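Bear in mind the structure is a predicted one, so any value in this text is a computation, not a measurement. Numbered from 1 within each chain, the chains take letters A, B, ... in sequence-line order.
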Amino acid sequence: MGHPLHAAMVHVPVGLWLGAAILDLAVVAGVTNEAVPRLALYAALIGTGVALLAIPPGVADWSGIKREKPAWKLGLYHMVLNSAALLVWFANLGLRFGADAAITGPVWMTSCAGAVLVIASGYIGSRMVFDQGTSIARESKKKWRAIAEREGATLPEEK
Amino acid sequence: MPTAKDLLQGKPLRCPVHVALVHLPIALFALGTLLDVASWIWARPEWRLVPAAFLSLVLGVAAALLAAIPGFVDYSSIRGDHPGKKKATWHMVLNLVAVGLYALSIGLRFESLNGPRTDLLALIVSLIAFGVIGFSGYLGGSLVYEDGIGVGRHRHEGDLPQDTREIGAGAAQPVCIGRADEIPEGQTARVNVEGTTIVVARQGGQWFALQEFCTHRYGPMSEGRLEAGEIVCPWHNSRFELASGKPCGGPAKLALRRYTIEERDGRLFVHGMPRDSTV
């Protein structure tokens with residue numbers, strides 16, 4: 001595929017968890033449109049579902065990183081924060097369904113906590129990619145090797 | 001002080017702002033289209049699927065327009081002859097098409113927000129738009145993971161090289177690759193002499209010329225960072241001594257090919273190009 005599955009899938013929980021928190025805060029700020037708490041419910045629900053699906057490819061990516069590399073530790077923090085975020089969103093969903101989709105104090109507070117956790121964790125994930133180069137050119141190594149070879153570079157032995 | 005361009009590219013954050021922002025529109029569009037489909041499966045007005053889908057798409061369009069701003073800046077920073085540039089152009093065009101389609105779908109459903117299910121035409125347009133944004137998002141991911149766009153960019157001082165200087169060597173040796181004052185202190189240039197590509201770096205008033213492609217995964221050294229006597233690959237932080245090309249940190253194990261470069265009368269000359277010498 002040329003693109004790590006985990007990185008593609010996480011757009012859904014990151015976007016929807018943040019979206020749910022923003023919608024909850026809109027209700028707290030006085031927005032009365034009844035579609036807002038419903039959309040927040042759907043966002044929290046689908047976001048949490050897809051977050052669960054994104055775990056296996058994420059763990060597979062992490063297990064491919066050598067332990068002595070800085071990205072390994074970042075990946076560990078990323079995983080711990082994601083687990084915490086997931087637990088918070090489970091609690092949030094329970095509270096939401098318990099309140100029949102109404103935005104009670106505990107609902108919006110857990111939303112905000114879950115959003116902060118996923119921002120922190122997502123930031124660490126992006127540092128792995130954009131600072132440490134995790135998964136970069138993993139699948140396109142051959143393409144770049146061919147270009148480098150054509151353009152006169154010294155190359156290592158092909159593995 | 002970071003410039004406006006640096007901020008829009010996310011340099012102080014050390015990751016691209018566009019990539020962070022796009023989580024919102026992608027997720028909101030996906031949810032909106034999913035709710036559109038759900039409204040045709042379950043006609044339950046008390047679930048408010050139709051207005052919730054509408055709201056999701058409206059917020060998605062707003063977030064997409066916001067994400068487009070740093071996206072344009074990122075696009076403009078990709079070298080004109082970069083192998084990923086064409087893909088980036090498609091990514092941009094298809095994103096605009098998808099946002100246009102979602103805006104159309106929003107317009108088509110505006111009259112029937114109180115109905116039990118999303119207007120049929122609006123649903124169809126919403127599904128097409130989802131296909132377009134899905135494919136375009138895939139291209140965007142491929143720009144990062146396949147082409148390394150944006151990776152390590154925050155470590156490079158100033159703008160990335162905007163082009164490759166194409167030099168025809170002819171018979172004259174050494175090869176003149178341009179004027180010295182075109183490359184400021186601490187900066188790099190990407191130069192191609194009859195098919196062989198090198199990075200030219202200026203540091204501490206000295207000149208260095210090395211092969212452009214890292215010996216680890218062939219990352220673009222001209223987009224890397226210059227540190228005291230060293231050049232660092234933007235992709236996986238392989239380090240090489242500028243003077244010798246020898247690896248001195250990170251995953252690369254093999255030296256970069258080195259070329260002798262000298263400044264004469266304000267002009268730069270490289271010896272042994274295109275490829276018959278390692279000096």
Side-chain angles (χ1 to χ4, degrees), chain A residues 1-4 7-8 10-19 22-23 33-43 46-47 50 66 69-70 101 119 122-123 125-127 129-141 143-157, chain B residues 13-16 19-20 22-28 30-31 34-35 47-49 51-56 59 63 83 137-138 141-142 144-148 150-155 192 195-198 211-213 215-219 234-237 252-257 274-275 278:
Chain A
M1 199 176 139
H3 184 314
V10 298
H11 284 79
V12 177
V14 172
L16 292 186
W17 282 346
L18 286 185
I22 293 167
L23 292 165
N33 186 325
E34 288 177 49
V36 175
R38 291 305 297 198
L39 182 60
L41 172 72
Y42 300 139
I46 303 294
V50 177
K66 292 191 191 95
K69 297 207 171 167
I119 288 173
Y123 180 68
S126 87
R127 294 297 308 280
V129 172
F130 291 99
D131 210 42
Q132 300 298 322
T134 303
S135 299
I136 300 304
R138 192 172 63 189
E139 309 299 324
S140 60
K141 206 177 168 179
K143 166 184 142 174
W144 286 107
R145 185 182 172 95
I147 293 172
E149 187 163 32
R150 195 176 68 224
E151 300 188 15
T154 298
L155 305 175
E157 303 254 333
Chain B
L13 280 174
R14 299 193 278 175
C15 62
V19 176
V22 297
H23 290 79
L24 269 174
I26 289 174
L28 291 166
L31 181 61
L34 186 72
L35 294 174
W47 288 2
R48 299 184 200 282
L49 295 170
F54 172 78
L55 182 59
S56 197
L59 294 175
Y138 168 74
S142 166
V144 173
Y145 294 100
E146 185 178 325
D147 298 316
V151 179
R153 189 178 59 196
H154 52 280
R155 286 192 296 266
N192 181 302
T196 295
T197 309
I198 57 170
Q211 79 180 41
E212 161 70 349
F213 301 95
T215 55
H216 169 233
R217 282 191 187 164
Y218 322 110
W235 286 1
H236 304 94
N237 299 306
K253 300 281 175 272
L254 190 70
L256 298 174
R257 184 177 293 226
R275 66 178 73 186
T278 50

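Taking A:Leu18, A:Val10, A:Val129, A:Leu41 one by one and counting their heavy-atom pairs under 4.5 Å with chain B, the maximum is reached by A:Val129. When each of B:Lys253, B:His216, B:Arg153, B:Arg14 is checked for heavy-atom pairs under 4.5 Å with chain A, B:Arg14 comes out on top. Most heavy-atom pairs under 4.5 Å with chain A: of the set B:Ala20, B:Ala252, B:Ser56, this distinction falls to B:Ser56. The most heavy-atom pairs under 4.5 Å with chain A, out of B:Val19, B:Leu28, B:Leu254, B:Asn192, come from B:Leu254. Here B:Leu31 is the residue among B:Leu31, B:Thr215, B:Leu24 with the most heavy-atom pairs under 4.5 Å with chain A.
With a 4.5 Å cut-off on side-chain heavy atoms, B:Gln211 and A:Thr154 count as touching. Using a 4.5 Å cut-off on side-chain heavy atoms (C-beta onward), A:Leu155 and B:Phe213 make no contact. Proximity of A:Leu39 to B:Leu35: side-chain heavy atoms (C-beta onward) are separated by under 4.5 Å at one or more points.
Side-chain atoms of A:Asn33 do not come within 3.5 Å of backbone N or O of B:Leu55 as any donor-acceptor pair. With A:His11 contributing its side chain and B:Gly137 its backbone, the two residues share no donor-acceptor pair below 3.5 Å. Side-chain N or O atoms of A:Arg150 include none that pairs as donor or acceptor with a backbone N or O of B:Thr196 at under 3.5 Å. Counting only distance, with no hydrogens or angles, the side chain of B:Arg217 and the backbone of A:Ile136 share a donor-acceptor pair below 3.5 Å. A:Arg38 places a side-chain N or O within donor-acceptor distance of the main-chain N or O of B:Trp47, the cut-off being under 3.5 Å. For B:His236 (side chain) and A:Gly133 (main-chain N/O), a donor-acceptor pair under 3.5 Å exists by modelled atom type. A donor-acceptor pair under 3.5 Å links the side-chain atoms of A:Tyr123 to the main chain of B:Leu13, judged by distance alone.
Closest heavy-atom contact between A:Ala35 and B:Ala52: CB-N, 4.0 Å. Among all heavy-atom pairs drawn from B:Tyr145 and A:Ala7, the shortest one is OH-CB, 3.2 Å.
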Test log, rule salt bridge (charged side-chain N to carboxylate O under 4.0 Å, His left out), inputs A:Lys143 and B:Asp147: CA-CA 10 Å; A:Lys143 166 184 142 174; B:Asp147 298 316; 2.6 Å; yes
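Within the model, atoms CD1 of A:Ile147 and OH of B:Tyr218 stand 12.0 Å from one another, a figure rounded to the nearest 0.5 Å. If you take CG on A:Leu16 and NE2 on B:His23, they are separated by 11.0 Å, rounding to the nearest 0.5 Å. With rounding to the nearest 0.5 angstrom, the CD atom of A:Glu151 is 12.0 Å from the CD1 atom of B:Ile198. The CD atom of B:Glu146 sits 13.5 Å away from atom OG of A:Ser135, with the distance rounded to the nearest 0.5 Å. The distance from the CH2 atom of B:Trp235 to the CH2 atom of A:Trp144 is 5.0 Å, given to the nearest 0.5 Å.
Residue B:Leu256 does not touch chain A at all, counting heavy-atom pairs closer than 4.5 Å. In this structure, the portions of A:Ala43 lying under 4.5 Å from any heavy atom of chain B include both its backbone and its side chain. Of the atoms belonging to A:Ile46, it is side-chain heavy atoms, and not backbone ones, that fall under 4.5 Å from chain B. Of the two parts of A:Leu23, only the side chain, counted from C-beta on, holds a non-hydrogen atom closer than 4.5 Å to a non-hydrogen atom of chain B. Looking at B:Pro83, only its side chain comes within 4.5 Å of chain A, counting heavy atoms on both sides. For a residue to count as touching a neighbouring chain, one of its non-hydrogen atoms must lie under 4.5 Å from one of that chain's; by this rule A:Val50 does not touch chain B. Contacts between A:Arg138 and chain B at a heavy-atom distance below 4.5 Å involve backbone atoms as well as side-chain atoms.
Residues satisfying the side-chain hydrogen bond (donor to acceptor under 3.5 Å, both in side chains) test with A:Ser140, not counting sequence neighbours, are none.
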